[in-house]
J.: 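The following block contains the structure, expressed as structure tokens.
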Amino acid sequence: MLCMTALVVVYVRHLFSVVMLFGIYSLLSALIFVVLDAADVAFTEAAVGAGVSTVFMLATLVSTGRQEKAPAHSPLLPLAVVTVTGAALIWGTLDMPHFGDPGNPVHVHVADRYIQESPDEIGIPNMVTSVLASYRGYDTMGEVIVIFTALVGVLSLLGVRERRENPVHRTGERHSRPYPVLQVMALLLIPFILVFALYVQFHGDFGPGGGFQAGVIFAAAIILYTLTFGLDDATALLPVKLICMLAAAGVLLYGGTGVVSMLLGGNYLDYDVLAHDPVHGQHYGILVIELGVGITVSTVMIAIFLALVSRAERPR
Amino acid sequence: MIVDIISTALFMIGCLLGLTGAWGLLSFPDFYTRVHAASITDTLCAACFVSGLMLQTGWSLVTVKLLMVLLLLWLTSPASSHALVRAAHHAGLRAMTWSFLGDRS
Amino acid sequence: MGFSLFNYWVVILLMMAGFYTVIASGNLVKKIVGLNIFQTSVFIMYISIGKVFGGSVPILAANTDLYSNPLPHVLILTAIVVGVATTSLALSLAIRIREAYGTVEENDILEISRREDDEE
Amino acid sequence: MTIGHLPALQVVIPLLAAPVCFLLGRWPRLAWLLASAVAWTTLVIAIGLWLQVREGGTISYAFGGWAPPWGIEYAVDRLNVLVLLIVSGIAAVIFSGSWESVRQEIPESRQALLFTNLLLCLAGLLGITITGDAFNLFVLLEISSLSTYALISLGRDRRALTASFQYLIMGTIGATFILIGVGILYMLTGTLNMADLAHRLGGLQGSRAMHTAYGFLVIGIGLKLAMFPLHLWLPNAYAYAPSVVSAFIAATATKVAVYVMVRYLYTVFGPEFAFSAMYVQWLFIPVGIIAVLFTSIVALFQHDIKRMLAYSSVAQIGYMLVGIGLVNVTGLTGALLHVFNHALMKGALFLALAAICFRIGNPRIENIRGIARQMPWTMAAFVGGGLSLIGVPLTAGFISKWYLILAAVERGWWPVVAVVVIASLIAVIYVWRVVEAAYLHPRPEDAETVAEAPPALLAVTWALVLANVWFGVNPGLVTSLASGAAEALFGGYLP
Amino acid sequence: MVLAITIGALLAIMLLALARALAGPKVYDRILAMNMFGTKTVLLIAVYGIFTDSPSLVDLSIFYALINFIGVIAVLKFIERVEEYDEVVER
Amino acid sequence: MTTEALLVTALLLPLAGGLCIILTGRQPNLREACTLVTSGLLCLAVITMLFRVLDGARPEYILVEMLPGLAIHFEVEPLGMLFATIAAVLWPINSVYSIGYMRGNKEKNQTRFYFFFAVAIFGAMGVAFAGNLVTLFLCYEVLTLSTFPLVAHKGNDAARDGGRVYLGILLATSIGLLLPAIVWTWNVAGTVTFTAGGILADRLAGPALTVLALMYLLGIGKAAVMPVHRWLPAAMVAPTPVSALLHAVAVVKAGVFSVVKVTVYILGIDHVAGAPGIHWLLWLAGFTVIVASLVALRQDNLKKRLAYSTVSQLSYVVLGTMLLAPISIVGAALHILAHAFGKITLFFAAGSIYTSSKKTEVSQLDGIARRMPWTMTAFAIGALSMIGVPPAAGFVSKWYLLTGAIEAEQLVAVGVIVVSTLLNAAYFVPIIYVAFFRRESSESMLTYGEAPWPVVAAVCATAAITVSLFLFPGLALELVHRIPT
């Protein structure tokens, strides 16, 4: 099914369909992640692939047009490149460790420790969160920075239009038809979504979820609001400047935790020193940085969405 | 035991409804009929599945979550169907009518 | 042996479909979609690495002590985020290109650039 | 206390300064001051690390207090301290001189964003260099790449956008290839720490999967460092980026990629695997040679000076590849020295070009006719950088070429010597075209009179030119570092 | 057994939906199929989660339901906007 | 002043002079005073050093050591002293001449001219005193680059084209052949320091040595051995004082000097004599001598004829070197000296003719000696020196060369010298003849006399030195006999 989708994506030229198929593809791969025991990843992939990315792409299509032209040059060269690459990979797989074998080096070396010790060392049941936030906490900080970089990049490319100076020019609004049913529905759903986001944020220690997923869900609520009520109302609710400040604040919260642990005598991002008991320290640390991740991710997603949409709404 | 039987029955009904809906989606001649097939069966199908699952799990936090799934589906599914039809209608997509079939002569 | 590697082969097929879309497609947005498919399949490869038969989701539970490997999950969480960051940047570039050139077709853009170069 | 944390601070300071800089959006001048101060701080930290490495050997820093194979490690040794020094040094110099040029080329609302991006890029590059973890490298690579894409797209010409997009696509493919390679390595060993990887890969010499991983890594990194047939993104990217950005990324980005290549070849895979099992030299030498010759010749026919220098950069990367492919200590020393020296000379040249752009706008050869009379200091700096690019004695460029030629002679590979020599000659010609236009042609009648570039820009340009001379006259410091690193990397392996 | 049948049926439904999504012919058909695909995914995950005794997956299904809804709304909104532009262009 | 200090002074003086020239660029009189004072001081310093060197002093000075064994290193030895003396003595004379010429022809950009002239002299001093190959190479390139603006002084398209050929050939040969040769030498010998008797003995032999020698010979493009001689005629676009600089004071002399120096101090004449096929280099030089003379014969443009004459004369020096006999090396060194003074006289004379009459072709020179007796007398002396007829310096050096050729039993070389002497006579004697004995064509309306006095004074001075070198060759001979062959 996955393959079918992927291959069709190659052929279909109506870009809206391509993007929607991509959403389906993402959902499917998220399903596969579920089957492969990666609940957190499935969560994220669904949020990002099927959710945010797709919405972003759709928003882009509004400004860029929806039909792809037939390719002008022959597909032989790319085909050859792809074939060679694929062949190299398949050749390489021939003596790879077999799929799913518990004796693989992957499972016996580093990961072993995470599984055996992390509940004691970190004190939370979700090992993915422990590894994410503590053992490889620095990677996660990098991830937050990457997101932040994307925000900086998008802003420097597009900028977010604040409210229109002159309400007379709200031509976009006049054309678009209001959906009263949807607006009511959105108003019903949004509080629920926000609560759910908070739940995912703070439940991340025990089940799948955490700052990143929560951030995306939070952003999803705002995106829904923007979609049903329009850009101007959304920016009135959440001024762009505030969003940007929060994004930076989230990064600083994360980085600041590291600095604090450094000041308290540990290494950077060593949460052991945050409290008298190392396990408590880990707990506090993870809580704070997940919060930082959540804030940054949600605000960045919102900001990027607003930026893309504000271009789409601009009358040509 | 009896719970198991009921839930199995619910699953089966759900499957049946779902398949019907999907079949309708695939084989009905035009967009509006497809919407009809899909959305009607979808709602009930989801209800069957989720209630079956709720019976399986017994009473716990998970049940509440499942209930939320159901509520969510019930809220969003009709809403999106509505929005979809509305959009299609506004975009000028015409429903197939009998006159479409008969007026040719 | 056959089945144990089958999983990887499917993933490779997906990867190549995405890769092909990236390099062969002339439309910038479709290139981005291809890039995403390419990356997503790499993610599936990573997650496959972490799977243990009979293992469960790596969240501490009372009834099992065989878990799948959490490390690839962490890596892929990060990689997904990186992916969306790249995508959003690429999309905003595409928008700007459309505004500047009036098209997002690679060939048209090349044509315009070439003309511009000639004029200089 | 601080001393022990230097490896972390090296990257964390610019990383955390970036959001602060972002918040200064309303006051671009403050953002610039902050960026420059941070860049100088990183330079000081790099010097501190260098002193430490010189005394105590490799430094390891465990993030989160988790010991290396489990946590993320920063490892500083002679090899990357050299790259740290050059990256932070170039950043310090370029950032502090960038204000006037940025203010002129970038709309005010985007200036602070530009500095934020620069800081992120700097942090990413430093992080790539310093990290000892294969996956962390990928993350930091993406930080630097994303910020670079954004930086390039800030160029005034609309072709900057397409250049940036092209780079984005190729760079992301490269990064994904690296991801695949790292994934396979992880699959084979179960670890991501480079030292641990190297240790564990030792037992897997014949594995086909390892060969595949190797291939993907080389191609992925090759895309990033603009290895010859994969260099197509580079000329456009350098040509259309804002001048200061061109100077910064030309002087640092590809150098860091070369470092990553060396790191993977020598530390992770080990020279034994790379050169006896994979025969890398038969890949690198021809690719390097073709790169050097072909792109040098292409550079000859460019009218845009930025493009010309960009092609020359690809050629210079070819030198580095040749140095790596020569598989002896002298060759590797030469390559590392060239990493260092090329950063100096390209930095100087692009800064001089930034000064020219500042006054003239479009740096085409026709436009700079007779400019030397009006901007004598700028053009003199360009000539200085050009001499170093050619490899004239008493400039830094000579030292590295000397080592490269020596290494080739040591191996008895005369064609390589011939190539280095011929390419130097071609470099003479393309540098000469600029010099001739600037000095020997009269200024066109209708051209407006221009003044000398602003003093700050001029000062940093000259700082780099003088550094070229200083390291050409007195290269002992760098050569000992480079040759020490090269010897350590070979670790007794001889082809 | 029940699990196998249920999952099989759900997969079959999804396949049918996918077929409609691929076949089109109008964008709206695709959206409809996508919506159905999404709801069935939600159910699939819930079923799978309960039967493999990992209730945490139910969170996931809630989330999927949300995403699905937002996705459909987004597609609709943006398509509408594009149609508007096209109208403007046609005039 | 210690001899070391003198050495540093000799190197720094031209640079300091250049700086003064730039600073005083606004006031031409002051600027020219700077040039004159600096050149005079340099001349003084070098001559003082000359006597010290004759007394056995061998000062050296290491500026920086870039890599172990690779330094910017200056050391004085007799051969270099000879070259330095030529350059230092000719600079003031040339300066006087330049002042007359540049003002007389109202050239533009005179400050640039004098500045780069000073830098070129610095390069020449550096080449002369270089203690190792790298220093030599560096100063050689300084010389090349600093003379370029002089060659292309006029700034028109012809000048730029000529300049491009000039720079192209010189840089291409030096970077393409000389530098690899240096690296090769370094690789083989582990050092590039000039050492009496050479540094390659026991380290490199057989055909490789011949190849290396060939790389040096052709790599030093300034020696203008065919086929890398094209730059010399191309550089004829330059103003005459520059031609004088190129042909006599610095550039080509630096070339042949380097050839001699490398042969003596790097290859080692005894060692290289054993290399197979080394006589091919000799024949190459001989070929250049003959062919360049033949070409010169066919040139009507006076300066072109002189240029090809230079190509031919330079190859005498190479020929003498490649004979690899001690006596012929002495001859070669002497010929550097003799040719320097002879050729500068000829060029000065040509420039003087151009300045006062704007005549450039040989066929226009009928009876010119009536109007410009001093100039043409000097020209005759220079020509005699070129041909090798007493009482001019050329005779002495040719004598040594011939002796060396006979001693080395290289009959080809003997033949070459004899034939080329006849050819020299064939292209110089007609000029003298028409200038002195043919009547000026009557329709000439021009009225002109001698050139400005600084020009004439310079011409006479060099002619006088040419003669005196024949009459009193003692000092020069003493110096060249100290070259450790």
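Quick note on labels: first sequence line is chain A, next is B, and so on, each numbered from 1. On a predicted model such as this, the values are computed, not experimentally measured, just so you know.
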J.: Counting heavy-atom pairs closer than 4.5 Å to chain D, which one of C:S92, C:P72, C:G83 comes out on top?
T.: C:P72
J.: Evaluate the side-chain proximity of C:I23 to D:I173: yes if any heavy-atom separation is below 4.5 Å, no if none is.
T.: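 Yes, side chains in contact.
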J.: So which heavy atom on D:E142 is nearest to which on C:T86, and how close?
T.: OE1-OG1, 3.7 Å
J.: For D:R158, check salt bridge (Lys or Arg N to Asp or Glu O under 4.0 Å) against everything at least two apart and list the hits.
T.: C:E116
J.: Taking side chain as everything from C-beta outward and backbone as N, CA, C, O, which of these in D:Y167 sits under 4.5 Å from a heavy atom of chain C? Side chain, backbone, both or neither.
T.: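 Interface part for D:Y167: neither.
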J.: From D:Q166 CD over to C:K31 NZ, what is the distance, rounded to the nearest 0.5 angstrom?
T.: 9.0 Å
J.: Looking at D:S145, D:S164, D:S153, which makes the most heavy-atom pairs under 4.5 Å with chain C?
T.: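 Highest number of heavy-atom pairs under 4.5 Å: D:S164.
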J.: In terms of heavy-atom proximity below 4.5 Å to chain C, should D:F135 be classed as side chain, backbone, both, or neither?
T.: side chain
J.: Answer yes or no: is there a side-chain heavy-atom contact under 4.5 Å between C:Y101 and D:T162?
T.: yes
J.: Can you name the closest pair of heavy atoms from D:G183 and C:I49 and give their distance?
T.: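 Reported closest heavy-atom pair: O-CD1, 3.6 Å.
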J.: Within a strict 4.5 Å, meaning less than it, do heavy atoms of the D:L179 and C:Q39 side chains meet?
T.: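 Result no, sub-4.5 Å side-chain heavy-atom pair not found.
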J.: If I measure from the heavy atoms of chain D, does C:L28 come under 4.5 Å with its side chain, its backbone, both, or neither?
T.: both
J.: With a 4.5 Å cut-off on side-chain heavy atoms, are D:F138 and C:V82 touching?
T.: yes
J.: Would you mind checking which part of D:L192 comes under 4.5 Å of any heavy atom in chain C, side chain (CB onward), backbone (N, CA, C, O), both or neither?
T.: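 Side chain only.
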J.: Do the side chains of C:F38 and D:T172 get nearer than 4.5 Å, heavy atoms only?
T.: no
J.: Once rounded to the nearest 0.5 Å, what's the spacing between atom CG of D:L161 and atom CD of C:E99?
T.: 9.5 Å
J.: In terms of heavy-atom pairs under 4.5 Å with chain D, which of C:L89, C:L35, C:L75 leads?
T.: C:L75
J.: Answer whether the closest heavy-atom distance between the side chains of C:I32 and D:F165 falls below 4.5 Å.
T.: yes
J.: Please report the interatomic distance CG(D:L146) to OG(C:S88), rounded to the nearest 0.5 Å.
T.: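 Answer rounded to 0.5 Å: 8.0 Å.
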J.: Below 4.5 Å from any heavy atom of chain D, which atoms of C:I97 appear? Answer side chain, backbone, both or neither.
T.: both
